[in-house]
Amino acid sequence: MSEMNAGSRTRLNQMPEWIALGKHREQLGDTHLRELFAAEPGRGTAYTLQVGDLYLDYSKHLVTDETLALLRELAAAADVTGLRDAMFRGEKINTTEDRAVLHTALRAPRDAVIEVDGENVVPDVHDVLDKMAAFSGKIRSGEWTGHTGKRIKNIVNIGIGGSDLGPAMAYEVLRSFTDRELTVRFVSNVDGADLHEAVRDLDAAETLFIIASKTFTTIETITNATSARNWLLTELKADQDAVAKHFVALSTNADKVAEFGIDTANMFGFWDWVGGRYSFDSAIGLSLMIAVGADRFREMLDGFHLVDEHFRTAPAESNVPLLLGLLGVWYGAFFDAQSHAVLPYSHYLSKFTAYLQQLDMESNGKSVDRDGNPVEWQTGPVVWGTPGTNGQHAYYQLIHQGTKVIPADFIGFAEPVADLLPGLVAQHDLLMANFFAQTQALAFGKTPQEVRAEGVAEELVPHKTFKGNHPTTTILAKELTPSVLGQLIALYEHKVFVQGAIWNIDSFDQWGVELGKVLAKRVEPALTEGADVPGLDGSSKALVAKYRSLRGR
Ligand code: F6P
């Protein structure tokens with residue numbers, strides 16, 4: 001690893017490049033996007049990049065050539081490429097857990113060589129992919145049958161966080177590529193309602209449960225998996241033997257899988273160098289592979305790999321994840337932007353932002369640097385958003401006329417999905433008209449003069465004025481394919497990486513989720529048995545007492 005990122009380095013806010021950006025921001029002042037476009041009429045085509053199938057327009061950002069040059073100098077000073085290369089080489093850049101960070105190996109081609117502790121991990125990756133492909137094939141063809149001999153028609157993935165969000169999101173995204181005869185559901189919440197709604201109309205004899213958990217110790221997943229096993233055995237009036245045909249595991253922990261009662265022959269493994277939120281393209285993607293088939297899954301992995309290679313090799317000026325990462329750093333530090341909206345104009349991407357929330361916020365929701373010192377700069381933003389047109393009729397008001405700076409990504413596609421009912425195809429232009437209109441309105445707004453020229457009464461002019469100047473990125477692709485999905489996810493993975501590298505934080509641990517888990521374990525006996533929980537604060541004690549009384553305990 002480069003020395004700079006391995007340990008102490010100049011504090012980010014003391015770097016001359018950071019200070020220069022601050023001065024530049026002052027000079028930029030209230031410069032409006034209208035002025036930037038007037039000064040540079042070709043900006044709409046000049047400020048664009050292409051990676052794979054993704055066309056990216058960043059012209060509607062509050063940046064000039066000088067801003068971009070200064071941001072790239074900051075990236076160089078922070079040695080983003082040094083840390084990037086260390087990641088791709090398999091070095092242990094997740095320092096607080098002493099782990100390599102090698103999700104990029106999960107989509108490497110069969111002949112690649114990537115070593116961790118001197119061992120090439122690529123053959124193991126492909127062994128698992130081959131095993132997944134063979135198993136998916138058997139489910140899809142009907143060769144794999146349940147305990148009673150019935151064909152499997154229902155797949156229920158039980159997992160949470162990185163063991164749920166990826167496959168659940170991707171199943172929605174690629175619905176038009178799925179075998180529509182299969183019912184695929186995702187259970188994550190320890191609220192029994194989640195499993196109840198997932199299985200209540202299913203025939204247990206036709207149902208396969210995929211228990212997805214990197215650690216195989218996550219309480220929500222193990223609790224739901226145990227309940228699912230009880231449901232299955234009760235429904236089938238069978239004993240433990242039935243489990244083998246109806247349960248498979250995706251995990252790094254063979255001992256815990258065996259302890260749960262799943263034959264490790266039916267386990268699909270991965271490795272500690274795959275972080276949970278980076279694991280969707282590992283064995284954790286099995287439910288998706290069953291739904292779309294191994295070939296489509298490979299196309300998706302190739303899409304990931306294409307962007308990995310771009311990130312690894314493209315020069316700074318045309319490196320898309322680098323650019324997106326730098327823009328986020330710019331707004332967080334110098335515009336006090338607290339959040340970042342991701343607004344897909346595709347119904348199939350309805351869970352995409354929720355997936356990105358874990359990717360980004362679990363990675364960069366940190367407040368100490370790699371040396372353990374408190375940071376004095378903004379780190380990860382609040383990531384939020386839902387499909388665009390629905391958002392337009394809900395929260396876009398605040399983006400347009402509120403007081404907050406909210407950089408936003410707009411993601412859209414030229415073609416509707418291939419199997420859309422012919423009668424619905426015409427709606428696509430209307431969808432995309434909204435897509436283009438919104439970024440225009442956000443950027444350029446409507447001046448008081450323009451409002452007056454429409455004859456609006458003077459007292460209403462301030463209310464009908466749109467300040468504009470709201471920064472957006474537009475990402476446009478021809479169609480939403482498995483490869484494009486892989487490209488999009490890898491783009492955001494590396495964007496998050498770039499930001500963590502600049503902020504000098506460990507983007508690959510997640511210690512912040514631990515305290516709540518420990519406390520939940522301590523509080524549970526207080527709820528069920530009324531046990532005294534030592535150290536419980538006054539508010540929580542009163543709430544526990546209220547809960548118990550409401551439940552008649
Ligand atoms: O609690 C957070 C977390 O550890 C995530 O990072 C992870 O994706 C999720 O829990 C699920 O963990 P597992 O796959 O080990 O069940």
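Atoms within each ligand, like the ligands themselves, are counted from 1 in listed order. Worth knowing before you read on, the calculation uses all heavy atoms, side chains too, and leaves out hydrogens, waters and symmetry mates. All values derive from a computational prediction rather than experimental measurement.
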All N/O donor-acceptor pairs, side-chain side in residues 280-290, below 3.5 Å, sequence neighbours left out:
residue : atom : partner : partner atom : Å
Asp281  : OD2  : Arg107  : NH1          : 2.6
Ser282  : OG   : Ser279  : O            : 2.5
Ser282  : OG   : Ile284  : N            : 3.2

Side-chain atoms of residues 358-365: list all donor-acceptor pairs with protein atoms under 3.5 Å, sequence neighbours left out, distances to 0.1 Å.
residue : atom : partner : partner atom : Å
Gln358  : OE1  : Gly162  : N            : 3.1
Gln358  : NE2  : Glu362  : OE1          : 3.1
Glu362  : OE1  : Arg277  : NH1          : 2.9
Ser363  : OG   : Arg277  : NE           : 2.7
Ser363  : OG   : Tyr278  : OH           : 2.8
Ser363  : OG   : Leu359  : O            : 2.5
Ser363  : OG   : Ser507  : O            : 3.4
Asn364  : OD1  : Ser507  : OG           : 2.7
Asn364  : ND2  : Val496  : O            : 3.0

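The Val513 neighbourhood of ligand 1 comprises atoms 1 (O), 2 (C), with distances under 4.0 Å to a heavy atom of that residue. Close approach to Ser213 involves these atoms of ligand 1, each under 4.0 Å from a residue heavy atom: 13 (P), 14 (O), 15 (O), 16 (O). Listed by number with element, the atoms of ligand 1 under 4.0 Å from a non-hydrogen atom of Gly162 are 7 (C), 8 (O). Short contacts between ligand 1 and Ser163, defined as distances under 4.0 Å to a heavy atom of the residue, involve ligand atoms 13 (P), 14 (O). For ligand 1 and Gln358, the ligand atoms under 4.0 Å from any heavy atom of the residue are 5 (C), 6 (O), 7 (C), 8 (O). Residue contact check: Thr218 has heavy atoms under 4.0 Å from atoms 12 (O), 13 (P), 15 (O), 16 (O) of ligand 1.
A salt bridge links Lys366 with Asp509: at least one charged nitrogen is closer than 4.0 Å to a carboxylate oxygen. Between Asp302 and Arg298, at least one side-chain nitrogen of the basic residue sits less than 4.0 Å from a carboxylate oxygen of the acidic one, meeting the salt-bridge criterion. Contact check on Asp201 versus Arg185 returns a salt bridge, with a Lys/Arg side-chain nitrogen under 4.0 Å from an Asp/Glu carboxylate oxygen. Checked for salt-bridge contact, Asp130 and Arg110 meet the test: a charged N lies under 4.0 Å from a carboxylate O. A salt bridge links Glu172 with Arg175; the closest basic N to acidic carboxylate O contact falls under 4.0 Å.
The protein heavy atom nearest to atom 3 (C) of ligand 1 is Glu362 OE2, 4.3 Å. Of all protein heavy atoms, the one closest to atom 15 (O) of ligand 1 is Thr215 OG1, 2.6 Å. Nearest protein neighbour of atom 9 (C) of ligand 1, counting heavy atoms only, is Ile160 O, 3.7 Å. Distance from atom 4 (O) of ligand 1 to its nearest protein heavy atom, with residue and atom name: Lys517 NZ, 4.0 Å.
For atom 6 (O) of ligand 1, a protein heavy-atom neighbour is present inside the 4.0 Å cut-off.
Taking the ring centroids of Tyr355 and Tyr492, they lie at or beyond the 6.0 Å cut-off.
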